[in-house]
Amino acid sequence: MSTPEIPQRPWRQRYHVSAIAWTVTIVVLLILSSMATGANFGMFLANINQFTVLLVQMSHPAWAYLSVIIQPLYETIQMAILGTTIGAAFAIPFSLLAASNLVGNQVLRNLIRLFLDLVRTLPDLLLAAIFVAVFGIGSTAGVITLAIFSFGMVSKLFYEVIETIDMGPLEAMKSVGASKVTIIWYAVLPQILNQFVSYFLYTLEINVRASTVLGYLGAGGIGVYLQRSLDQFNYSATAVIILATLVVVMVIDGVSNHLRRVLL
Amino acid sequence: MQATATQTNPIISFKHVNKIYDNGTVGLKDINFDIPRGQFLVVVGLSGAGKSTLLRTINRMHEITSGEVLVDNESVSDYKGKALRHLRRQIGMIFQNFNLVKRATVEKNVLSGLVGYYPTWRCVLGLFTPHDRKRAFQALDRVSLTKKLFSRADELSGGQQQRVAIARALMQDPKIMLADEPIASLDPRTTKAVMDTLKRLNREDGITVIVNLHSVELAREYADRIVGLRSGELVYDEPIDQVTEAGLNQIYQTKPEA
C-alpha cells in the first residue's frame with residue numbers, strides 16, 4: 001500500500017496573495033484620499049495643544065448646571081423613544097416587503113428598496129431644518145425627524161435580518177395551508193423578534209445622541225442647551241451635558257444587553 | 001376485490017407528469033402511477049433523483065411543467081388561493097429538518113397545524129378553541145410527548161422534534177401524509193420511533209403515507225410498496241412481496257459516465 005501524496009497548496013494560497021493584495025490596495029487608497037482631500041497630519045499635531053486647553057476647561061464640570069439640564073434631557077429621551085417607536089412601527093411592513101426571501105416580485109421589492117434608499121439619503125439635519133420650518137421650534141419637529149431617520153435605518157437593518165432566517169418553518173406553514181399573513185406571524189416573526197428588539201434599542205441609543213445635535217436647529221431637547229453652552233464658551237457646562245448624555249446612553253446600552261440575553 | 005376497488009379510486013394519480021426546471025434540468029420525466037387509499041408507499045432513489053420534487057408536486061409546493069396530478073380524482077394544477085390552501089390543509093407534511101419554529105413552544109408548533117382551518121385574524125390573535133387545544137394535547141399523546149407541551153421546541157432532541165412535527169401534521173386531520181427524508185438527520189433508535197409512528201398512523205387511521213427514503217433496508221421493513229426514481233424517471237414499482245434485492249439494486253445503477 002502506498003501512502004497517498006499530500007496535495008500541494010496552490011502558490012496563490014501558500015503566499016496569501018489575495019490578503020496581501022487587498023491590504024496594499026487599501027493602504028494606497030487611504031494615502032491617495034488623504035492627499036486628494038488635503039487632510040494634513042502635521043497640522044493635526046501642531047494644533048493639538050488647543051485641544052488640550054479645551055479639555056482642561058472641560059475637566060471641571062459645573063455640576064450645578066445639572067439641575068438646569070435635567071428637564072431638557074428628559075425631553076430628549078422622550079423624543080428619542082417616541083421617534084424610534086414611530087419609525088420602527090412603519091419599518092416593519094416595509095422591511096417585510098423589501099426582503100428577497102419573502103417577496104418574489106422583484107419590481108415591487110426594488111421600488112420599496114429605492115424608496116428606503118431615498119429616505120436614508122436625506123440627512124437628519126436637513127430633515128430637522130425642514131420640520132422646524134414647518135412645525136416651528138420645539139420637540140414636534142425633533143420627533144418627526146427622528147421618526148423618519150429611524151424608519152430609514154431600521155427598515156434596512158430589519159430586512160437584512162429577515163433575509164437570514166431559516167426558511168424551513170415557512171415551508172412547513174405553507175404546507176399546512178396557511179395564508180401569507182399567518183405564515184409571517186407564525187414562521188417569520190418568532191425568528192426575528194429578538195433581533196428586532198435589539199436593533200430597536202440600538203437605534204434608540206443613536207437617536208439620543210442624534211437628538212443632541214438636532215437641538216442645534218431648534219428641534220427641542222438637550223441640544224438647545226449644548227449649543228448655548230458652546231456659544232458662551234462655557235465648556236464646564238458642556239462637559240456636564242456630555243457626561244449626562246453618556247449616562248443615558250450607558251443606561252440604554254445596559255437595558256438593551258439585558259433584554260437581548262433574556263430574549264435569546 | 002380490493003384490487004379493483006383501489007384501482008378505480010386511487011387517492012393520488014400521476015398522469016404523464018413532467019417537471020423541467022428553469023435552468024433546463026429535468027426534474028421528473030413522464031411519471032405515471034396511482035397510489036391507492038391507505039397505502040404505505042416508499043420512494044427510493046439517489047440524491048437528486050427527483051424524490052423530493054415528486055412528493056412536493058402532490059401538495060403543489062412544486063409546480064409541474066406538464067401532465068396532471070390528481071388528488072381524490074381532481075386535478076390540483078389549477079388550484080389557486082383558497083382552493084390551494086384547502087388542498088394543502090388536508091395533506092400533512094414532515095421534513096428532513098423538522099421545520100419547527102424553534103423559539104416557540106411545542107404547543108404553539110402543534111397548534112400551527114390548524115391554521116388552515118382558522119381565519120387569519122384568529123390565527124394572529126392565537127384564538128384557538130378549547131376543543132382544539134385539547135386535540136393538540138391528544139396529538140402529542142399519540143407521539144408520546146405530552147410532557148413536553150410547554151417546552152420550547154429547541155430544547156427537544158431531533159427525534160422528539162420530528163415527532164412534534166408529526167403531531168402538527170396530525171392536527172390537520174390529513175388524508176395523506178408526505179414525509180421527505182424524515183429520518184435523514186436522526187440516529188437509528190429515534191429513526192425507529194419516527195417510522196413506527198408513521199406506520200401506526202397508516203394502520204390505525206388509514207392515512208395514506210408516502211415517504212422518501214435513502215435507506216433500502218428501512219423501505220423493505222415498512223413499505224407496502226416501493227417505487228424507485230432515477231434521474232427523474234420511474235424505474236421501479238413493486239408491491240412489497242415482489243421486492244427483490246436484485247430489483248432494488250437496479251434503481252441505484254448509474255448510467256455509465258462519459
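We name chains A, B, ... by the order of the sequence lines, and we start the count at 1 in each one.
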Trainee: Looking only at non-hydrogen atoms, find the nearest pair between A:Ser175 and B:Phe95 and report the distance.
Mentor: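 Looks like OG-CZ, 3.9 Å.
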Trainee: Take atom CZ of A:Phe135 as the centre, draw a 6.0 Å sphere, and report whether it contains more than 12 heavy atoms from other residues, nucleotides or ligands.
Mentor: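 Yes, because the 6.0 Å sphere around CZ of A:Phe135 holds more than 12 heavy atoms from other groups.
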Trainee: Could you tell me which non-hydrogen atom of A:Lys174 sits nearest to which non-hydrogen atom of B:Arg88, and how far apart they are?
Mentor: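 Here A:Lys174 and B:Arg88 meet closest at O-CD, 3.2 Å.
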Trainee: Just wondering, are more than 12 heavy atoms of other shown residues or ligands nearer than 6.0 Å to OH in A:Tyr202?
Mentor: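 No, because the 6.0 Å sphere around OH of A:Tyr202 holds 12 heavy atoms or fewer from other groups.
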Trainee: How long is the straight-line distance from CD1 of A:Ile183 back to SG of B:Cys123, given to the nearest 0.5 Å?
Mentor: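 Result: 11.0 Å between the selected atoms.
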Trainee: Counting heavy atoms not belonging to B:Asp22, are there more than 12 under 6.0 Å from its CG?
Mentor: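 No, the 6.0 Å shell around CG holds no more than 12 heavy atoms from other groups.
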Trainee: Is it the case that over 12 heavy atoms from other parts of the model lie below 6.0 angstrom from the NE2 atom of A:His258?
Mentor: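 Not buried by this count: 12 neighbours or fewer within 6.0 Å.
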Trainee: Identify the heavy atoms of B:Gln172 and A:Val176 that sit nearest to each other, and give their distance.
Mentor: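 Residues B:Gln172 and A:Val176, closest heavy atoms: OE1-CG1, 3.3 Å.
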Trainee: Report the option among A:Thr182, A:Leu189, A:Leu170 that has the most heavy-atom pairs separated by less than 4.5 Å from atoms of chain B.
Mentor: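 Maximum pair count with chain B is reached by A:Thr182.
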Trainee: Taking atom CD of A:Gln106 as the centre, does the number of heavy atoms from other residues, nucleotides or ligands within less than 6.0 Å exceed 12?
Mentor: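 It does not: A:Gln106 CD has 12 such atoms or fewer within range.
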Trainee: To the closest 0.5 Å, what do you measure between CG (B:Asn99) and CE (A:Met167)?
Mentor: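 One gets 10.5 Å once the value is rounded to the nearest 0.5 Å.
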Trainee: More than 12 heavy atoms of other residues, nucleotides or ligands under 6.0 Å from CZ of A:Arg14: yes or no?
Mentor: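 Yes, because the 6.0 Å sphere around CZ of A:Arg14 holds more than 12 heavy atoms from other groups.
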Trainee: Is any side-chain heavy atom of A:Tyr186 less than 4.5 Å from a side-chain heavy atom of B:Val101?
Mentor: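 Of all side-chain heavy-atom pairs linking B:Val101 with A:Tyr186, none is under 4.5 Å.
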Trainee: Can you tell me how far the CG atom of B:Asp180 sits from the CD atom of A:Glu171, to the nearest 0.5 Å?
Mentor: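 Going from CG on B:Asp180 over to CD on A:Glu171, the span is 8.0 Å.
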Trainee: Under 6.0 Å from the OH atom of B:Tyr21, do we count more than 12 heavy atoms belonging to anything else shown?
Mentor: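 More than 12 within 6.0 Å, yes.
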Trainee: Checking B:Asn59 against chain A: side chain, backbone, both or neither under 4.5 Å from a heavy atom?
Mentor: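 It is the side chain, since no backbone atom gets that close.
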Trainee: Show your reasoning for whether side chain to side chain contact (heavy atoms under 4.5 Å, CB included) applies to A:Asn194 and B:Arg103.
Mentor: CA-CA 10 Å; A:Asn194 74 318; B:Arg103 298 172 160 284; 3.5 Å; yes
Trainee: Pick one of side chain, backbone, both or neither for B:Lys82, based on which atoms fall under 4.5 Å of a heavy atom in chain A.
Mentor: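 For B:Lys82, there is no contact with chain A at all, as no heavy atom is under 4.5 Å.
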Trainee: If every non-hydrogen atom of A:Ala178 is compared with every non-hydrogen atom of B:Val115, which pair is closest and at what distance?
Mentor: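 Heavy-atom minimum between the residues: CB-CG2, 3.5 Å.
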Trainee: Is it the side chain or the backbone of B:Arg168 that comes within 4.5 Å of chain A heavy atoms, both, or neither?
Mentor: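 The answer is the side chain of B:Arg168.
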